[in-house]
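To start, the structure under review is shown below, and the notes come after it.
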Amino acid sequence: PTATVDPTKAPTLQVDETASQTTGLNKAVSAEFAAAFSGSAGADGGDAAPSGYALNVTNGTASGLLDTATGQAIYLYLNANGVVEGRVGSGDAANANGAVAFTVAVSNTGQVTLTQKTAIKHPVDSDPDDAVSIAANKITLEATITDRDSDTDTAQLDLGPKLSFKDDGPTATVDPTKAPTLQVDE
C-alpha cells in the first residue's frame, strides 16, 4: 500500500480565548483531518482509506509556546492514551510532571481535538487578539493504510502550525454619564 498526505487539505484549529464563557480554560475545538490523507492498497487490495491515526512527538520537546502565569516554556509529552500534553516547564527545563497547559488528541476517524487548559503567552504588540501556534515539526499526525495481507504504509502531517491559540486582549471603555463633575468655586 501507499499512503500520502496533502497539507493543503488539512484544516486549522484555533482556540479563541475571547469565545470563552469563563476564563478560557478547558476550551476545546475539533476538526476532521482525514481529508488530508489518501492512499492506494496496491495489488493486494483492501481499503485505501486510512485504517488508523496516531500523534507523534519527542517527549520533552519545547513547543515554542510559553505559559502566561509562570513565563516558563511549554514542553510536549505523549501520554499512555496517545494524547499529546503540553506541560509547563520548571526552572527553564522540561518537566514531565508540570501543569498541563493544553492537550491534542486524535480519534480513530482522524478527528483532532485541541484543548486549552491554561493561559498561553502572546506577544505584546498593537494587536491584542493575535494568535500563536505550536512550532513546526514538533507534533505530527500519522495515518496508516493497511492492505489485505496486513502490509502497512504511513503518511505524516506536520500538525504544529495547524494548531493555534488566539489571545483575548483587554478592552477599555468609558461611560461619560458616570463620570463626576468637578467644579472650582472661587
Side-chain angles (χ1 to χ4, degrees), residues 5 7-33 36-37 52-107 110-144 154-172:
V5 62
T8 65
K9 292 183 179 178
T12 58
L13 288 176
Q14 184 175 79
V15 174
D16 184 351
E17 295 174 356
T18 307
S20 175
Q21 298 299 317
T22 56
T23 63
L25 304 180
N26 291 313
K27 174 79 175 154
V29 293
S30 298
E32 286 289 339
F33 280 73
F37 296 94
Y53 296 88
L55 296 170
N56 297 305
V57 300
T58 300
N59 284 337
T61 298
S63 67
L65 301 173
L66 300 174
D67 176 62
T68 297
T70 64
Q72 292 290 314
I74 299 171
Y75 298 87
L76 302 173
Y77 293 90
L78 189 66
N79 71 22
N81 296 319
V83 175
V84 173
E85 298 175 336
R87 291 189 169 267
V88 178
S90 176
D92 295 323
N95 180 358
N97 297 312
V100 176
F102 62 85
T103 61
V104 183
V106 65
S107 73
Q111 179 171 303
V112 175
T113 301
L114 174 63
T115 305
Q116 183 177 359
K117 299 197 176 271
T118 66
I120 307 291
K121 187 167 178 66
H122 291 76
V124 177
D125 59 19
S126 62
D127 182 2
D129 290 321
D130 57 352
V132 293
S133 295
I134 297 170
N137 302 311
K138 303 296 181 182
I139 300 177
T140 58
L141 173 60
E142 181 178 272
T144 301
T154 61
Q156 294 186 341
L157 172 69
D158 181 7
L159 202 54
K162 302 284 187 183
L163 308 175
S164 65
F165 303 90
K166 186 172 186 260
D167 199 8
D168 180 20
T171 57

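We count residues from 1, following the sequence as given.
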| query | Considering only heavy atoms from C-beta outward, does the side chain of Phe33 approach that of Val106 to under 4.5 Å? | reply | no

| query | About how many Å separate CD1 of Ile139 and CG of Asn56, when rounded to the nearest 0.5 Å? | reply | 10.0 Å

| remark: Taken to the nearest 0.5 Å, the spacing of Leu13 CG from Lys162 NZ works out to 10.0 Å

| Pairing residues for Thr58 by the side chain to side chain donor-acceptor pair (under 3.5 Å) criterion, not counting sequence neighbours | none

Please set out all donor-acceptor pairs under 3.5 angstrom arising from side-chain atoms of residues 72-84, sequence neighbours excluded.
unit_1, atom_1, unit_2, atom_2, d
Gln72, OE1, Gly91, N, 3.4
Gln72, OE1, Asp92, N, 2.8
Tyr77, OH, Asn95, N, 3.4
Tyr77, OH, Ala96, N, 3.3
Asn79, OD1, Asn81, N, 2.8
Asn79, OD1, Gly82, N, 3.2
Asn79, OD1, Val83, N, 3.0
Asn79, ND2, Glu85, OE2, 3.1

| query | With sequence neighbours excluded, what pairs up with Tyr53 under the ring pair (Phe, Tyr, Trp, His ring centres under 6.0 Å) test? | reply | Phe37

| remark: For Ala135 and Gly64, the nearest pair of non-hydrogen atoms, with its separation, is CB-CA, 4.3 Å

| said: Once rounded to the nearest 0.5 Å, what's the spacing between atom OG1 of Thr118 and atom CZ of Arg87? | reply: 11.5 Å

| Which heavy atom in Pro123 sits nearest to a heavy atom in Val132, and how many Å separate them? | CD-CG1, 3.8 Å

| query | Are any of the side-chain heavy atoms of Ser164 and Gln14 separated by less than 4.5 Å? | reply | yes

| Shortest non-hydrogen contact between Lys166 and His122, atoms and distance | C-NE2, 3.8 Å

| request: Determine, step by step, whether Leu55 and Leu141 satisfy the side chain to side chain contact (heavy atoms under 4.5 Å, CB included) criterion, reporting the C-alpha distance in whole Å, the side-chain angles of both residues, the deciding distance to 0.1 Å, and the verdict. | output: CA-CA 5 Å; Leu55 296 170; Leu141 173 60; 4.0 Å; yes

| Does anything in residues 84-103 pair up under ring-ring contact (aromatic ring centres under 6.0 Å, His included), and if so which pairs, sequence neighbours excluded? | Phe102-Phe165

| said: I need the minimum non-hydrogen distance between Lys117 and Val100, along with the two atoms involved. | reply: CB-O, 3.4 Å

| Partners passing side chain to side chain contact (heavy atoms under 4.5 Å, CB included) against Thr154 (at least two apart in sequence or in another chain) | Glu142, Thr144

| remark: So CD1 of Ile134 and CD1 of Ile120: to nearest 0.5 Å the spacing works out to 8.0 Å

| request: Could you pull out all residues at least two apart from Ala69 that satisfy side chain to side chain contact (heavy atoms under 4.5 Å, CB included)? | output: Asp67

| field | Heavy-atom pair with the smallest gap, counting every atom of Asp16 and Lys27 | value | O-CE, 4.1 Å

| remark: Nearest heavy-atom contact between Thr113 and Ala28 is CG2-CB, 4.2 Å

